[in-house]
Amino acid sequence: MHYATRARAGRALAKSLSHLRGADPVVLGLPRGGVPVAFEVADALGAPLDIILVRKLGVPWQPELAMGAIGEGDAEVLNEDVVRLGHVSREAVDAVRARERRELERRADTLRGGHPRTSLTGRTAILVDDGMATGATAAVACQVARAQGAGRIVVAVPVASPEAMSRLRITADEVVCPYVPANLGGVGGAYIDFHQLDDREVTDLLARACKPGT
């Protein structure tokens with residue numbers, strides 16, 4: 001174990017991001033698990049907090065293993081190696097994609113509550129999750145942020161695998177992670193409390209943070 005909670009992980013991560021305080025940042029949490037981490041980062045930087053919506057495409061019989069991810073604006077990253085080695089049919093990929101697209105749209109309605117997204121045009125977008133195993137979800141989030149006009153993209157996580165770090169260094173302008181174990185196993189293994197958040201926890205944190213557009 002490395003972190004007690006996501007909040008403590010966020011406070012630890014924020015110490016590595018102080019150089020971005022004057023970079024006109026917007027902190028974007030990846031729901032749900034990334035939002036408590038992002039809340040602490042936004043608070044430390046005095047930056048607005050919003051969400052960036054993406055959904056992992058899990059292998060049907062092993063949902064925690066990402067074969068790709070989708071995001072708002074039809075962004076998608078597919079890990080062809082996982083699809084091939086897992087013998088996942090195109091029909092199965094299509095079914096998972098359709099299900100996760102519906103969930104993405106539901107979360108947009110629920111979590112934003114009708115409020116517009118924070119403008120990223122010309123700003124530094126700091127994409128925050130509670131960890132990266134493959135990096136597929138964060139890679140899609142980078143695509144979404146670029147499509148929304150972000151001038152610079154920083155991916156910041158408390159824990160990541162070496163594989164994910166390598167992938168995101170190609171996709172993002174900067175990757176910040178204070179803990180990169182040689183054998184991550186799973187993100188949850190780095191936390192004592194890694195409970196599944198519900199929508200209310202996320203909306204409460206968004207309500208307490210700096211308002212989008214500030």
Side-chain angles (χ1 to χ4, degrees), residues 2-3 6 9-10 12-20 23 25-42 45 47 49-59 64-83 85 100 104 120 123-191 194:
H2 201 75
Y3 302 108
R6 291 180 176 92
L13 179 60
K15 295 176 182 178
S16 300
L17 296 169
S18 59
H19 63 289
L20 297 173
V26 178
V27 179
L28 302 166
L30 277 73
R32 298 183 180 100
V35 176
V37 184
F39 177 88
E40 299 295 337
V41 171
L45 297 181
L49 173 67
D50 200 351
I51 54 175
I52 188 160
L53 288 160
V54 296
R55 290 292 295 172
K56 177 171 63 180
L57 301 178
V59 172
E64 288 302 310
L65 177 60
M67 58 182 177
I70 59 171
E72 293 177 284
D74 296 324
E76 178 176 319
V77 170
L78 201 62
N79 189 329
E80 295 288 355
D81 288 341
V82 173
V83 172
L85 294 173
E100 296 302 339
L104 187 149
L120 301 183
R123 303 183 75 171
T124 298
I126 306 176
L127 312 186
V128 179
D129 205 351
D130 52 14
M132 296 190 302
T134 68
T137 302
V140 174
C142 289
Q143 286 190 4
V144 174
R146 287 199 193 280
Q148 293 177 10
R152 179 175 176 79
I153 295 176
V154 179
V155 172
V157 293
V159 58
S161 69
E163 172 196 1
M165 292 292 290
S166 296
R167 169 181 279 187
L168 268 299
R169 285 191 181 109
I170 297 171
T171 307
D173 297 302
E174 183 180 357
V175 185
V176 177
C177 180
Y179 178 44
V180 186
N183 297 296
L184 175 59
V187 170
Y191 291 85
F194 196 67

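Contact detail for Gly29 and Ala38: the closest heavy-atom pair is CA-CB, 3.6 Å. Taking each heavy atom of Ala145 and Ile153 in turn, the nearest pair found is CB-CD1, 3.8 Å. Nearest heavy atom pair, residue Cys142 against residue Thr171, reads CB-CG2, 3.5 Å. Between Ala156 and Leu17, the shortest heavy-atom contact is CB-CD1, 3.8 Å. Between Val77 and Ala136, the closest heavy-atom pair is CB-O, 4.5 Å. The shortest heavy-atom contact between Ala47 and Pro25 is CB-O, 3.6 Å.
Every pair tested for salt bridge (charged side-chain N to carboxylate O under 4.0 Å, His left out) that includes a residue from residues 177-191 fails, sequence neighbours excluded, so the list is empty. Under the salt bridge (charged side-chain N to carboxylate O under 4.0 Å, His left out) criterion, the residue pairs touching residues 27-41 are Arg11-Glu40, Arg32-Asp199, with sequence neighbours excluded.
For Asp129, there are no salt bridge (Lys or Arg N to Asp or Glu O under 4.0 Å) partners at least two apart in sequence or on another chain. Residues satisfying the side-chain hydrogen bond (donor to acceptor under 3.5 Å, both in side chains) test with Gln148, not counting sequence neighbours, are none. Here Arg167 pairs with nothing under the side-chain hydrogen bond (donor to acceptor under 3.5 Å, both in side chains) rule; sequence neighbours left out. For the salt bridge (Lys or Arg N to Asp or Glu O under 4.0 Å) test, residues two or more places apart in sequence or in another chain that qualify with Arg146 are Asp173. For Val26, the side chain to side chain contact (heavy atoms under 4.5 Å, CB included) test picks out Leu28, Pro48, Thr118, Leu120, Arg123, with sequence neighbours left out. Under the salt bridge (Lys or Arg N to Asp or Glu O under 4.0 Å) criterion, Glu76 pairs with Arg97, not counting sequence neighbours. Asn183 meets the side chain to side chain contact (heavy atoms under 4.5 Å, CB included) test with no other residue; sequence neighbours excluded. Residues meeting the side-chain hydrogen bond (donor to acceptor under 3.5 Å, both in side chains) test with Glu100, sequence neighbours left out: Arg55. Judged as a side chain to side chain contact (heavy atoms under 4.5 Å, CB included), and not counting sequence neighbours, the contacts of Pro181 are Val159, Tyr179, Leu184. Applying the side chain to side chain contact (heavy atoms under 4.5 Å, CB included) rule to Ala164 yields the partners Met132, Ser161; only residues at least two apart in sequence or on another chain are considered.
Taking 4.5 Å as the limit, every side-chain heavy atom of Val154 sits out of range of all side-chain heavy atoms of Leu127. Taking 4.5 Å as the limit, every side-chain heavy atom of Val27 sits out of range of all side-chain heavy atoms of Asp50. The side-chain heavy atoms of Arg6 and Phe194, taken from C-beta on, include a pair separated by under 4.5 Å. For the pair Ile126 and Leu45, the minimum side-chain heavy-atom distance is below 4.5 Å. Between Val176 and Val155, every side-chain heavy-atom pair lies at or beyond the 4.5 Å cut-off. Using a 4.5 Å cut-off on side-chain heavy atoms (C-beta onward), Leu57 and Ile70 make contact.
Between the CG atom in Asp130 and the CG atom in Leu13 there is a gap of 11.0 Å [rounded to 0.5 Å]. The structure places CD of Glu72 at 7.0 Å from CD1 of Ile51, a figure rounded to the nearest 0.5 Å. Rounded to the nearest 0.5 angstrom, Met67 CE and Leu85 CG are separated by 13.5 Å. To the nearest 0.5 Å, atom OH of residue Tyr191 and atom NE2 of residue His2 are 9.5 Å apart.
Using a 4.0 Å cut-off between charged nitrogen and carboxylate oxygen, Glu174 and Arg152 count as a salt-bridge pair.
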